[in-house]
Participant: 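My questions all concern the structure below.
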Amino acid sequence: MLREKIQSETVTAMKAKDKERTAALRLIGAKIKDRDIELRTADKMPEDDELVTDVLMKMAKQRKESIAMYEDGGRQELAEKEKAELVVIEEFLPQQMSEEETRAAIAQIKADTGAEGMKDMGKVMGELKARHGATLDMTKASGLVKEALS
């Protein structure tokens with residue numbers, strides 16, 4: 001399970017006295033715990049690995065946005081810190097699909113759903129997320145879906 005792997009990596013990093021890695025792993029643990037607290041009142045609990053992957057994907061997206069903003073603002077030292085955190089976060093994420101694999105998945109979904117134009121974009125995006133959500137950058141996929149449907 002992903003949660004246990006993150007916890008064991010945290011202990012390993014602490015024993016190795018790797019402060020940056022320990023801090024990043026503790027941050028991941030805190031975000032997962034926050035999500036657990038949010039979901040206490042939820043009717044339906046998602047599968048644990050799915051929940052952890054979702055948290056990690058959101059954290060990675062936030063880091064990428066922060067890196068871009070820091071680099072635009074000339075704050076390279078802060079961008080480097082965010083990049084180091086992103087490396088740790090991406091260790092636990094599943095391998096992302098390549099652009100060719102994404103295009104093939106979109107073509108398959110387009111054929112399966114009978115999607116023809118931009119009016120079907122929501123249907124295609126929903127199916128794409130359901131089938132490949134954890135292994136796909138939905139921002140990039142959105143542009144590819146638009147291209148395929150126009």
Side-chain angles (χ1 to χ4, degrees), residues 1-10 13 20-21 23-76 78-150:
M1 300 248 309
L2 208 45
R3 187 184 300 253
E4 284 83 25
K5 184 176 179 190
I6 292 169
Q7 290 170 342
S8 70
E9 287 291 324
T10 304
E20 288 81 19
R21 183 172 172 77
L25 288 165
R26 283 184 171 164
L27 186 64
I28 292 169
K31 290 290 185 189
I32 292 169
K33 201 164 279 195
D34 286 347
R35 180 62 63 84
D36 288 340
I37 291 168
E38 284 175 26
L39 293 175
R40 279 186 188 163
T41 58
D43 295 335
K44 182 179 159 222
M45 286 292 288
E47 186 182 317
D48 193 57
D49 275 358
E50 186 178 308
L51 177 135
V52 173
T53 301
D54 185 49
V55 169
L56 291 171
M57 287 177 68
K58 286 182 180 173
M59 289 180 74
K61 182 179 179 195
Q62 289 170 340
R63 296 302 171 285
K64 288 174 185 172
E65 291 170 356
S66 296
I67 290 167
M69 288 191 317
Y70 287 142
E71 287 176 344
D72 289 345
R75 300 293 309 265
Q76 199 57 39
L78 293 173
E80 293 303 320
K81 182 178 181 282
E82 294 285 324
K83 285 178 184 176
E85 286 180 4
L86 182 61
V87 167
V88 174
I89 292 167
E90 286 179 339
E91 275 181 44
F92 301 102
L93 283 172
Q95 184 66 39
Q96 297 292 301
M97 292 173 72
S98 69
E99 187 173 332
E100 296 81 39
E101 292 170 325
T102 304
R103 287 181 190 277
I106 291 168
Q108 181 63 46
I109 290 170
K110 200 172 141 184
D112 293 348
T113 61
E116 294 178 7
M118 289 304 288
K119 64 179 175 30
D120 297 321
M121 184 165 175
K123 188 187 328 178
V124 173
M125 288 297 293
E127 189 63 28
L128 196 59
K129 185 169 177 84
R131 291 186 193 180
H132 306 286
T135 60
L136 193 59
D137 181 352
M138 293 307 286
T139 309
K140 291 178 184 172
S142 175
L144 295 173
V145 170
K146 280 181 186 173
E147 186 181 305
L149 292 175
S150 56

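What you see below is based on every heavy atom in this structure, not just the backbone, and it leaves out hydrogens, waters and symmetry mates.
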Participant: I'd like to know whether CD of E38 has more than 12 heavy-atom contacts from other residues, nucleotides or ligands below 6.0 angstrom.
Facilitator: yes
Participant: Return yes when atom CZ of R75 has more than 12 non-hydrogen atoms of other residues, nucleotides or ligands closer than 6.0 Å, and no otherwise.
Facilitator: no
Participant: Among residues at least two apart in sequence or on other chains, which ones pass salt bridge (Lys or Arg N to Asp or Glu O under 4.0 Å) with D54?
Facilitator: R35, K58
Participant: Stepwise, does the salt bridge (charged side-chain N to carboxylate O under 4.0 Å, His left out) test hold for E9 with K5?
Facilitator: CA-CA 6 Å; E9 287 291 324; K5 184 176 179 190; over 6 Å; no
Participant: Shortest non-hydrogen contact from A79 to E71?
Facilitator: CB-CG, 3.8 Å
Participant: To the nearest 0.5 Å, what is the distance between CE on M57 and CG on L93?
Facilitator: 7.0 Å
Participant: Is E80 salt-bridged to K83, going by a charged N under 4.0 Å from an acidic O?
Facilitator: yes
Participant: Counting C-beta onward and ignoring hydrogens, is there a side-chain heavy-atom pair between V55 and F92 closer than 4.5 Å?
Facilitator: no
Participant: Measure the CD1-CD distance between I67 and Q76 for me, rounded to the nearest 0.5 Å.
Facilitator: 9.5 Å
Participant: Kindly state each residue pair satisfying side chain to side chain donor-acceptor pair (under 3.5 Å) with at least one member in residues 24-34, sequence neighbours excluded.
Facilitator: none
Participant: Carefully, step by step, assess M59 and L27 under the rule side chain to side chain contact (heavy atoms under 4.5 Å, CB included).
Facilitator: CA-CA 10 Å; M59 289 180 74; L27 186 64; 4.0 Å; yes
Participant: Not counting sequence neighbours, which residues clear salt bridge (Lys or Arg N to Asp or Glu O under 4.0 Å) with E20? List them please.
Facilitator: none
Participant: Can you name the residues that form a side-chain contact (heavy atoms from CB on, under 4.5 Å) with K123, not counting sequence neighbours?
Facilitator: T113, D120
Participant: With sequence neighbours excluded, what pairs up with E50 under the side-chain hydrogen bond (donor to acceptor under 3.5 Å, both in side chains) test?
Facilitator: none
Participant: Provide the closest heavy-atom pair for E85 versus A24 in the form atom of the first, atom of the second, distance.
Facilitator: CG-CB, 4.2 Å
Participant: With side chain to side chain contact (heavy atoms under 4.5 Å, CB included) as the criterion, how do D48 and R3 come out once you've worked through the C-alpha distance, each side chain's angles and the decisive distance to 0.1 Å?
Facilitator: CA-CA 8 Å; D48 193 57; R3 187 184 300 253; 2.5 Å; yes
Participant: So, using salt bridge (Lys or Arg N to Asp or Glu O under 4.0 Å) as the criterion, who are the partners of E65 when residues are at least two apart?
Facilitator: none
Participant: Heavy atoms only: give me the nearest L2-D49 pair and the separation to one decimal.
Facilitator: N-OD1, 2.9 Å
Participant: Kindly compute the distance separating CE (M1) from OG (S8), expressed to the nearest 0.5 Å.
Facilitator: 12.5 Å
Participant: Between E91 and R21, does any NZ, NE, NH1 or NH2 come within less than 4.0 Å of an OD or OE carboxylate oxygen?
Facilitator: yes
Participant: Do you know which two heavy atoms are closest between L128 and A141, and how far apart they sit?
Facilitator: CD2-CB, 3.8 Å
Participant: Roughly how far, to the nearest 0.5 Å, is the CG atom of L86 from the CD atom of Q62?
Facilitator: 11.5 Å
Participant: Quick check for you: to the nearest 0.5 Å, what is the distance between R131 atom CZ and I109 atom CD1?
Facilitator: 4.5 Å
Participant: So how far is it from I106 CD1 to L144 CG, rounded to the nearest 0.5 Å?
Facilitator: 4.5 Å
Participant: Which heavy atom of L51 sits nearest to which heavy atom of I32, and what is that distance?
Facilitator: CD2-CG2, 4.3 Å
Participant: Mind listing the closest non-hydrogen atom pair of L56 and I89 along with its distance?
Facilitator: O-CG2, 3.5 Å
